[in-house]
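Notes follow the structure.
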2 protein chains.
Amino acid sequence: MAEKTFLKPKLPKTRNTNKVSKPPAASKAPKASKLQQRQKKAAVVATTATPKETSRRAVTSYDVALRAGISQSAVSRCFKPGASVSPAMRALVMKVARELDYTPNAIARSLITRRSNLVAVLISNLTNLYYPEVLSELCQQFEKRGLRVLLFTLPHEADVDKMIAQVWEYQVDGVVAAARLTPQQVAEFERRQVPFVLYNRTLQDKPVNAVVCDQIEGARLLVTRLAAAGHKRLAIISGPTDSVVGQERTRGARERIAELGLAKPIIVEGNYDYHSGAAGLREILRQLGCTPDAIICGNDVMAIGCVDTARHELGLNVPTELSVVGFDGVEPSTWLSYNLTTLRQPVQMMAQAAAEMLIALIAKPDSSPEKRVFSAQFIEGGTSVLGPL
Amino acid sequence: MAEKTFLKPKLPKTRNTNKVSKPPAASKAPKASKLQQRQKKAAVVATTATPKETSRRAVTSYDVALRAGISQSAVSRCFKPGASVSPAMRALVMKVARELDYTPNAIARSLITRRSNLVAVLISNLTNLYYPEVLSELCQQFEKRGLRVLLFTLPHEADVDKMIAQVWEYQVDGVVAAARLTPQQVAEFERRQVPFVLYNRTLQDKPVNAVVCDQIEGARLLVTRLAAAGHKRLAIISGPTDSVVGQERTRGARERIAELGLAKPIIVEGNYDYHSGAAGLREILRQLGCTPDAIICGNDVMAIGCVDTARHELGLNVPTELSVVGFDGVEPSTWLSYNLTTLRQPVQMMAQAAAEMLIALIAKPDSSPEKRVFSAQFIEGGTSVLGPL
DNA sequence: TTGTATGCGTTATCAT
DNA sequence: ATGATAACGCATACAA
């Protein structure tokens, strides 16, 4: 495969441009072209570096151009999908690039294109058991579409504002927020003009892009089923007050309970973990003085804590003496020991929707806000009696 | 607080430098200074943009400098911790920066400093229940130390090499790999001179930086305890063959079993999930034709699957008829329904060690490889009889 | 199709 | 302490 003439190493001509040289002292030499600079550097490295300890300097497109005897822009073009490059050129560049281990520098690219291909994912706490599933799905989706995930976990104590500042610094193309944020923090996204999608949370006042599961609908459905099965005295172990999702679940349940004319439920507050489910049950029994017919827990893990405590600590039979239901449909809820009655969120669909939305938003930033609402799926497990009592 | 004289808006003098203008046609005007360019752009934006739709252009340090009547480098310095800036200057810059909502561009900074403050975290699959804990800890540690986490999840099917290529493109300062990588892939880290720490895996041939838990020691301890309690016929549900951790656990157990002169154990292979624990138990019973004294599972989730299947499907009493032990010490292993006998890995310490090591390595790249080995903690739960049988 | 020249927004190196 | 200027590595308009 003979090289075409125009690919022969023709060194770019030295730059004798409009700069008619300088009178003011013999200080500054005429500026060398970047390629020439590179040439010099390469020479320095070659003489300086010991053979085995190869240069710490990264290989750049200039190095490839120099070696191939072409221009830097030619190299750049060869790495751009739709560019107009002759096959011979592309082959040559790719060959040399491989030889030199050249990898395009995404940082430099981002600077010029103003697209970092970075998306920030904000997540409250990964220990929640539900969020890892979400994160996993989001990652898959974004990776599939050529976006990299910059992960921010927001522990409760930490200074969230300071963390969010980091998001701006890195010029992310978009943000998925599955974390507890104040309206002010969300407003900041808007002000910064960074496309963002909220996951399982919305704003009261402003319409925003969001993917949510209809928690109220789900909670109502749950109560309806429990009531139909004859449960009369219901109790609730709610999520923490700063969890929008938790509040909605509680509200939906309470509303439906009232509609059905059932007794006003006892509500104790949990924080989504196993122990607060256990503590919640004990507190309910203390307040009520007896066993309720059913306990609605703000998530599966609390429900699991509740079931375990009922069975192994209090000697209560679940479901015959007490029904327990949860929310989320995390994997452990399906384990044989629990086989929890719960409302499963379609995590995969929701994550996919969030990724799709964000990508569409990045492409077309001024679309009007959209909210995609998914329904939870009722899972009839073995921790509740749902036939007639 | 009167401004000092030298802070008065003194516009940088226009650039009448060595360029003695050009004869060749009236094409190129003398190059304007960056500040002047910026000034012009700002003007264009002001006249073009509608009042409410503020400019999409990001605010840069030039904008701040322009507004404050100082040089761009002064602005830059004010955002650098140790720089020598007068208090008055700093105050002025910060005030204007706040007014304009200026945020330094980390991308541009990275380009010049050659430090991205980005670390890549490579994780196999987040659905493993053990990895979210690791990831969470790693994140905390890195965030605390001013590094951002670029997350890469490696699904089994995906082209790992292509994913890793993305790591190089983003010029990460370091890598923590808690994923199944081939020795070639690890060698690539080395060749690229990117500091890296392996989490819970090492290389056979080369010494590498790694944080590991001593799986062999743990497995041996487990067998020792089981044997001391009188268990004679042991069986193993191993992790998948491509999991180094799993292999070591199996090897340690097998060696110790041999040393103690016990019968050679049946070994069936699982893939770390709940169902493969269940399937593993059934397979063991099939092969053995009877119940073994104890089953050692490659991780907690398989152990849980094993316990559940024994109790709820096969009607076996755990631990009186069958002991089951696991590895990891994930949260569900502590739940009352299981109260699993297991070896807990000190995840928090390990993650902290990994972060520390990587940061030290970034600061001093040519340190010789170190391996930090942690011991697992034996947790005596209720799924095994460990007193005399 | 290919090369030249420029700019992205910052930090670093000077000179002042 | 401050300002002017040159990189950093790439993509892109424009000229050829």
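Proteins come first, then strands; the chains are lettered A, B, ... in the order of their sequence lines, and each starts at number 1. These numbers come from a predicted model, not from an experiment.
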- Item | Stepwise side-chain contact (heavy atoms from CB on, under 4.5 Å) check, A:L138 with A:V176 | CA-CA 9 Å; A:L138 283 175; A:V176 175; 3.9 Å; yes
Of the nucleotides [options], which one has an atom closest to the side chain of [X]?
X	options	answer
A:Q72	C:dG3, C:dA5, C:dT11	C:dA5
A:S84	C:dT11, D:dC10, C:dT2	C:dT2
B:M89	D:dC10, D:dG3, C:dG9	D:dG3
B:I112	D:dC10, C:dG9, D:dG3	C:dG9

What is the distance, to the nearest angstrom, from the [atom1] atom on [X] to the [atom2] atom on [N]?
X	N	atom1	atom2	answer
B:R115	C:dG9	CZ	P	23 Å
B:N117	C:dT10	CG	C1'	14 Å
B:I70	D:dA1	CD1	P	15 Å
A:D63	D:dG9	CG	P	8 Å
A:R109	C:dG7	CZ	C1'	17 Å
B:L111	D:dA11	CG	P	12 Å
A:L66	D:dG9	CG	C1'	15 Å
A:Y62	C:dG3	OH	C1'	12 Å

Side-chain N or O of [X] versus OP1/OP2 of [N]: is the shortest distance under 4.0 Å?
X	N	answer
B:S86	D:dT2	yes
B:S71	D:dG3	yes
B:S73	D:dA4	no
A:K80	D:dT12	yes
A:R114	C:dG9	yes

- Query: Quick one: ring pair (Phe, Tyr, Trp, His ring centres under 6.0 Å) partners of A:F196, sequence neighbours excluded?
  - Reply: A:F189
- Write out all pairs satisfying ring pair (Phe, Tyr, Trp, His ring centres under 6.0 Å) with one or both partners inside residues 87-112 of chain A, taking only residues at least two apart or from two chains.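 Every ring pair (Phe, Tyr, Trp, His ring centres under 6.0 Å) pair that includes a residue of residues 87-112 of chain A, provided the two are not neighbours, is A:F79-A:Y102.
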If you take all heavy atoms of [X] and [Y], which pair is closest and at what distance?
X	Y	answer
A:A68	A:V96	CB-CG2, 3.9 Å
B:N209	B:P369	OD1-CA, 3.6 Å
B:V175	B:V172	CG2-CG2, 4.0 Å

- Message: Please list, in numerical order, the residues of residues 93-106 of chain A that have a heavy atom closer than 4.0 Å to any atom of DNA chain C.
- Response: none
- Message: Can you give me the bend angle of the helix from C:dT1-D:dA16 to C:dT16-D:dA1? Use the axis through the first five pairs and the one through the last five, nearest 10 degrees.
- Response: 30°
- Task: Would you check, one step at a time, whether the test side-chain hydrogen bond (donor to acceptor under 3.5 Å, both in side chains) holds for A:Q171 with A:S116?
- Result: CA-CA 6 Å; A:Q171 316 293 111; A:S116 62; over 6 Å; no
- Message: Go nucleotide by nucleotide along DNA chain C from the 5' end; which of A:V85 and B:V75 gets its closest nucleotide reached first?
- Response: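 Nearest-nucleotide comparison on DNA chain C picks A:V85.
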- Query: side-chain contact (heavy atoms from CB on, under 4.5 Å) between B:L147 and B:L118: does it pass, once the steps are laid out?
  - Reply: CA-CA 6 Å; B:L147 294 175; B:L118 249 36; over 6 Å; no
- Please work out if A:S76 contacts a base, only the sugar-phosphate, or nothing of the nucleic acid, heavy-atom cut-off 4.0 Å. base
- Task: Using the test salt bridge (Lys or Arg N to Asp or Glu O under 4.0 Å), find all partners of B:R109 that sit at least two apart in sequence or belong to another chain.
- Result: A:E169
- Message: Suppose we call a contact any N or O donor and acceptor under 3.5 Å apart; does that hold for the side chain of B:R77 and the base of D:dG3?
- Response: yes
- Pair listing, side chain to side chain donor-acceptor pair (under 3.5 Å) test, anchored in residues 143-152 of chain A, at least two apart: A:Q141-A:R145, A:E143-B:T153, A:R148-B:Q166
